[in-house]
Amino acid sequence: MKLLLDTQVLLWAAGRPDRLSAAAQQMLNNIEHELCYSVASLWEISIKNGLGRPDFQADARLLRRGLLDQGYLELPISAAHVQAVGSLPALHRDPFDRLLVAQAMVEGIALVTSDARLVQYPAPVIRI
């Protein structure tokens, strides 16, 4: 199964695996799962790191290189993803999270998140 990690889960997996539950670590370490990250997450990290947010202290360039070296698949942002954002109900205001939900819907990939609000969307979402 393909799993798209939301930005927070991605940061935890890459730099703070102790923040993940044992079940989440097991899911992410399962060799039957293909792990994906979105370019939108790198964009979010770059912006929020630049704003000095302590929960986004990562260099997006180094993170990307490490993710690719670890076998993660990079999911670019397409016009279909952007268009799908417009059809989402207004359940969440964060534009990055809304784009990740749209990508999961369009691509048929399960979005892995710790955000309880995202499971309300009509998308394949796994809350950890």
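FYI, side chains are in, hydrogens and waters are out, and symmetry mates aren't considered; it's all heavy atoms of this structure.
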N/O donor-acceptor pair under 3.5 Å between Y72 side chain and G66 backbone: no
Single-linkage hydrophobic cluster F96~V82, side-chain heavy atoms < 4.5 angstrom: yes
State yes or no: do L111 and V119 share one hydrophobic cluster built from I, L, V, M, F, W and Y residues joined by side-chain heavy-atom distances below 4.5 Å, directly or via other members? yes
With a 4.5 Å cut-off on side-chain heavy-atom distances among I, L, V, M, F, W and Y, is there a chain of contacts connecting L35 to L20? yes
State the OG1-CG distance between T113 and D6, to the nearest 0.5 angstrom. 3.5 Å
Residues L4 and S38: closest non-hydrogen pair is CD1-N, 3.7 Å
Nearest non-hydrogen partners of T7 and F56, listed with the distance: CG2-CE2, 3.6 Å
R64 and E74 ion-paired at < 4.0 Å: yes
Could you go step by step and tell me if K48 and D55 meet the side-chain contact (heavy atoms from CB on, under 4.5 Å) rule? CA-CA 9 Å; K48 292 181 179 178; D55 52 339; over 6 Å; no
Do S41 side-chain atoms and Y37 backbone N/O form a donor-acceptor pair below 3.5 Å? no
Which atom of P124 lies closest to which atom of I109, heavy atoms considered: CG-O, 3.2 Å
So which heavy atom on Q103 is nearest to which on P76, and how close? NE2-O, 3.1 Å
Nearest heavy-atom approach of L73 to K2 is CD1-CE, 4.0 Å
Are any non-hydrogen side-chain atoms of N30 and Q26 less than 4.5 angstrom apart? no
Show the numbers, then the answer: is there a side-chain contact (heavy atoms from CB on, under 4.5 Å) between V112 and L10? CA-CA 9 Å; V112 179; L10 185 67; over 6 Å; no
If hydrophobic clusters are built from ILVMFWY residues whose side chains come within less than 4.5 Å, do L75 and V101 share one? yes
So, do H81 and L99 sit near enough that their side-chain heavy atoms are less than 4.5 Å apart? yes
Would the distance check show the side chain of H33 and the main-chain N or O of M27 forming a donor-acceptor pair, the cut-off being under 3.5 Å? yes
R98/D94 salt bridge by N-O under 4.0 Å criterion: no
Donor-acceptor pair, distance only, cut-off 3.5 Å: does the side chain of Q25 make one with the backbone of P17? yes
Transitively linked via ILVMFWY side-chain contacts under 4.5 Å: L3 with L68? yes
Are the side chains of H92 and Y121 in touch, meaning some heavy atoms are under 4.5 Å apart? yes
Taking the side chain as everything from C-beta on, heavy atoms only, tell me whether L11 gets closer than 4.5 Å to R19. no
Is any side-chain heavy atom of D59 closer than 4.5 Å to a side-chain heavy atom of I45? no
Once you round to the nearest 0.5 Å, how far does CZ of R65 lie from CD of Q70? 11.0 Å
Member of I126, L100, D97, L91 meeting the side-chain contact (heavy atoms from CB on, under 4.5 Å) criterion with L118: D97
Minimum heavy-atom distance between M105 and A123, given as atom pair plus value: CG-CB, 3.2 Å
